[in-house]
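Notes to accompany the following structure.
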Amino acid sequence: MSESAHGTGTPSPAPVVTVKVPAAFHALTGGRRLFSVEGESIREVLVRLDRAAPGLLDKIVDGDQRVKRYVNVYLNDDDIRGLDGLETKVGRDDLVWIIPAVAGGSGEPGGRGSR
């Protein structure tokens with residue numbers, strides 16, 4: 001843990017980030033969309049978020065401790081898969097977005113599928 005800049009030797013608190021949770025997970029959050037969560041990495045933030053919304057971590061992280069392929073986690077504007085994954089460090093006032101992946105469509109312009 002880092003020390004404070006004041007030279008007192010006491011650890012400084014972990015950054016507080018805002019986590020935006022999509023509607024797909026609102027059953028686990030009691031309808032809450034935004035959370036303020038302390039943590040130094042995405043992993044710490046998600047573990048602490050799971051304390052406020054039990055079961056949420058299982059919807060985001062798989063058994064191999066990686067973000068599930070149908071879920072995207074962004075730190076501000078960056079997908080954490082292109083950063084350090086769950087070990088990505090966060091800073092004070094960062095925004096963490098949890099976004100379910102969207103797939104589908106007809107594959108044809110105009111929205112008409114093959115028959």
Side-chain angles (χ1 to χ4, degrees):
M1 185 155 293
S2 61
E3 292 191 9
S4 72
H6 302 297
T8 62
T10 58
S12 59
V16 175
V17 300
T18 299
V19 181
K20 186 167 184 184
V21 180
F25 299 140
H26 286 180
L28 296 170
T29 67
R32 283 185 63 187
R33 296 174 11 177
L34 295 174
F35 290 82
S36 293
V37 183
E38 227 180 66
E40 294 192 14
S41 68
I42 295 291
R43 182 183 306 279
E44 285 183 20
V45 167
L46 294 177
V47 166
R48 289 187 175 134
L49 177 63
D50 190 67
R51 292 179 190 156
L56 191 57
L57 188 61
D58 289 336
K59 298 287 186 188
I60 301 168
V61 177
D62 66 19
D64 293 327
Q65 295 301 300
R66 289 182 289 194
V67 175
K68 291 183 176 182
R69 66 184 187 117
Y70 60 84
V71 177
N72 297 308
V73 178
Y74 284 82
L75 176 61
N76 302 312
D77 293 327
D78 298 312
D79 186 332
I80 66 165
R81 287 182 178 98
L83 302 171
D84 290 325
L86 293 171
E87 303 314 317
T88 300
K89 298 297 183 197
V90 299
R92 186 171 316 280
D93 300 325
D94 277 344
L95 178 61
V96 175
W97 300 76
I98 301 168
I99 303 171
V102 178
S106 68
E108 286 187 24
R112 293 191 174 163
S114 59
R115 294 180 193 213

hydrophobic_cluster_shared for V71 and W97, side chain cutoff 4.5 Å: no

Any donor-acceptor N/O pair, D79 side chain to Y74 backbone, under 3.5 Å: no

4.5 Å side-chain heavy-atom contact, R33 and V21: no

Beyond-backbone contact of V67 with R81, side-chain heavy atoms, under 4.5 angstrom: yes

Results of side-chain contact (heavy atoms from CB on, under 4.5 Å) for D50 - residues two or more places apart only: L56, L57

K89 bridged to E40 by N-O distance under 4.0 Å: no

Heavy-atom pair with the smallest gap, counting every atom of P15 and R92: CB-N, 3.4 Å

Side-chain (R48) to main-chain (E38) donor-acceptor, under 3.5 angstrom: yes

K59 NZ: over 12 foreign heavy atoms closer than 6.0 Å: no

Point-to-point distance, once rounded to the nearest 0.5 Å, from OG1 of T88 to CG of D78: 9.0 Å

Spacing of D93 atom CG and T18 atom OG1 [to the nearest 0.5 Å]: 7.0 Å

E87 side, atom CD; E44 side, atom CD - distance, nearest 0.5 Å: 8.5 Å

Beyond-backbone contact of P54 with L28, side-chain heavy atoms, under 4.5 angstrom: no

Qualifying residue, where the test is side chain to side chain contact (heavy atoms under 4.5 Å, CB included) with D62 and the options are D58, D64, I60: D64

CD1-CG distance between I80 and L75, expressed to the nearest 0.5 angstrom: 8.5 Å

Side-chain touch L49/T29, heavy atoms, less than 4.5 angstrom: no

